[in-house]
Every structure is written in C-alpha cells, then in structure tokens.
Trainee: 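Encoded as structure tokens, here's the structure I'll be asking about.
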2 protein chains.
Amino acid sequence: MVTKLPLDVAAAGEACCAPLVTETITAEQAEVLAARIKALADPARLRLVSLLAASPGGEACQCDLTEPLGLSQPTVSHHLKVLYQAGLVAKEKRSTWVYYSVVPEALATIADVLTPGR
Amino acid sequence: MVTKLPLDVAAAGEACCAPLVTETITAEQAEVLAARIKALADPARLRLVSLLAASPGGEACQCDLTEPLGLSQPTVSHHLKVLYQAGLVAKEKRSTWVYYSVVPEALATIADVLTPGR
DNA sequence: TGTCAATATGGACATAGATCGATATATGCT
DNA sequence: AGCATATATCGATCTATGTCCATATTGACA
C-alpha cells in the first residue's frame, strides 16, 4: 500500500520552477510552496534534518533521535511525519525500526526558488 | 530612531553558516533559523515577496500590494512587518508612501543553509 | 503465545498566528 | 485649519500547531 501524501509533491515541483523572484507566483503556487517551507520552519524539525544528515550513512532510526532532541517520542514521531509528508525526508522500515533520511533534492527545490539564476 | 528588530539578524547569519546538513546545529541555532524561515512560510508573504521582486524597480508601496493580494490593508501591513522584522524585505518611507523591496541576500542566506557546497 | 521494544495514533491542552473592523497616526494638499 | 490618503496599531476571533500522556499497533524473540 502506498502512503498518501497530502502535500502534492509534483505541484510543489511546479511551484519551484515558477521563479519566486522573477515573476509573480499565483495564489495556488504560493499555497503549495508555503506548505513545503512551513514543514521546515520549526526548530525541532530543523534539528531533525540536521541530525539525520549528520548521521552515519545519512540515516537514523527514530529511537536515536528522540533523546538528543529532548522531546517525547510521540512528538518526534509527529515531526518526522510532517517532514515525510512534505517530502523532505524518506523513511524505510527495517524490522522494528524506521530509518529516516533527508531528501537533498527537496531541500534544493526550496533553495532554488529563493535564489534566481544560481 | 532605529526600529528594533526582534529577530537577531547577525545571529541568523551565524545560523546560516552552521551548515544544516553537514553537522548538527544547536537548539539555539535551530530557533533562530526557524524564525527566519517561518517568516517566509506563509502564502501571503510568499506572494508579497514575489510581487515586490517583480515590481518595476524591485519595489512597491503597500497600496499597490493590497489589491492584488486580496487581503485587507491591516493584514498586508502585518505581513510586511513580519517580513521586515525577519530582514527579508527593506522599507523606505517617501512622503506618504512606504516602499518595500526584497533583500536578496536574506533569501540567499536561507538557500545556502539548505544546499551544502553550492 | 506472551512479552518486550519501536513506532504510530488519539485526545487534550495551551500557545501562536492569520484575519478583520475600528481607530490612530502621519503626510500632503487645498 | 481642515480634509483626504497611506500606513500602523489595537482588540477580537477563529484556526492551526506544538506538546504531552495514554494507548494502540507492529514486529522480534523466548
């Protein structure tokens, strides 16, 4: 079964390529883009992304993230879900553990919108 | 009189250069960085940035932004204030009008955090 | 099968934030 | 001075969200 992603990743891609700073974006594009950026605009989630990227192999299971974050397990689970649904992190279940990893392209997509011609 | 900026721009700069994806950021860095990204993570504010950047001369007064946004004047004023306090836009008062313009470096700062080595 | 560990979900709560109408402030013009 | 326009602020309201505890679910293993 494929987990449904409430945030349309393809649409986000389009919003990406409609350059924010060279021509006016539509209300719909702004909506999609804001949703993706909003997923990143939280201290806990930024730290999660940072922790994941700095982890050996670029991945970590949730159990390794809870303690360094200083948040409860349900809260960490919630934040990872937000990141996942925004397409910013990937997850892979191996037996009992779920390994999360960042999706660099997703971060680059956001970066590209902000920096025209780079 | 100098308007106070609740968001420490210098600190945001530091948070910038602490590469998000190559080493772990601190809780404080995450806090500052999230505040800046959060200022951008809103459909209305993304459209404002887009409208400003696409305006002739790269600037526009609030009166020209209210109508295309479809929001009330106080709401637009609020969003511009958020963007200004985050350092994402600059403002300059000329007689009755206040002209706003994007600060490309501020956008680039966010982009740089997301894309290591580019 | 029963237990334990990892993760997810549901419900509750508190705070933050987006929005508006009404009003205040500031500036130019007659 | 008085009025009109542009912008800012205030107060209220409704919604979104971050957080936790309690509990459900899943998979490994004795």
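Protein chains get the first letters and strands the later ones, always in sequence-line order, with residue 1 at the start of each. None of the values given here were measured: they were computed from a predicted structure. These numbers come from the heavy atoms of this one structure, side chains and all, not from hydrogens, waters or symmetry mates.
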Trainee: Under a 4.5 Å cut-off applied to non-hydrogen side-chain atoms, are B/Leu51 and B/Leu69 in contact?
Mentor: yes
Trainee: Is any side-chain heavy atom of A/Val49 less than 4.5 Å from a side-chain heavy atom of A/Leu88?
Mentor: no
Trainee: Kindly write out the residues that satisfy side chain to side chain contact (heavy atoms under 4.5 Å, CB included) with A/Thr96, not counting sequence neighbours, or none if the list is empty.
Mentor: none
Trainee: Rounded to the Å, how far apart are A/Leu71 CG and D/dT19 C1'?
Mentor: 8 Å
Trainee: Which residues pass the salt bridge (charged side-chain N to carboxylate O under 4.0 Å, His left out) test with A/Glu59, not counting sequence neighbours?
Mentor: A/Arg94
Trainee: By nearest heavy atom, map A/Arg94 and A/His79 onto DNA chain D; which one lands nearer the 5' end?
Mentor: A/His79
Trainee: Taking atom CD of A/Glu67 and atom CG of A/Leu65, what is their separation to the nearest 0.5 Å?
Mentor: 10.5 Å
Trainee: Taking only side-chain N and O atoms of A/Arg45, does any of them lie within less than 4.0 angstrom of OP1 or OP2 on D/dG18?
Mentor: yes
Trainee: Which Ile, Leu, Val, Met, Phe, Trp or Tyr residues join A/Tyr99 in one cluster when any pair of side-chain heavy atoms under 4.5 Å counts as a link?
Mentor: A/Trp97
Trainee: What one-letter contact string describes nucleotides 6-15 of chain D from 5' to 3', where B marks a base within less than 4.0 Å of any protein heavy atom, S marks contact via sugar-phosphate atoms alone, and - marks no contact?
Mentor: SBBB------
Trainee: Return a table of donor-acceptor pairs under 3.5 angstrom between the side chains of residues 75-82 of chain A and protein atoms on other chains or two or more places apart.
Mentor:
{"from": "A/Thr75", "atom 1": "OG1", "to": "A/Ser72", "atom 2": "OG", "distance (Å)": "2.8"}
{"from": "A/His79", "atom 1": "ND1", "to": "A/Arg45", "atom 2": "NH1", "distance (Å)": "3.0"}

Trainee: State, with a plain yes or no, whether a side-chain heavy atom of B/Ile110 is found less than 4.5 Å away from one of B/Ile37.
Mentor: yes
Trainee: Just the endpoints, please: which first and last nucleotides of DNA chain C, 5' to 3', lie under 4.0 Å from a heavy atom of chain B?
Mentor: C/dG17 to C/dG28
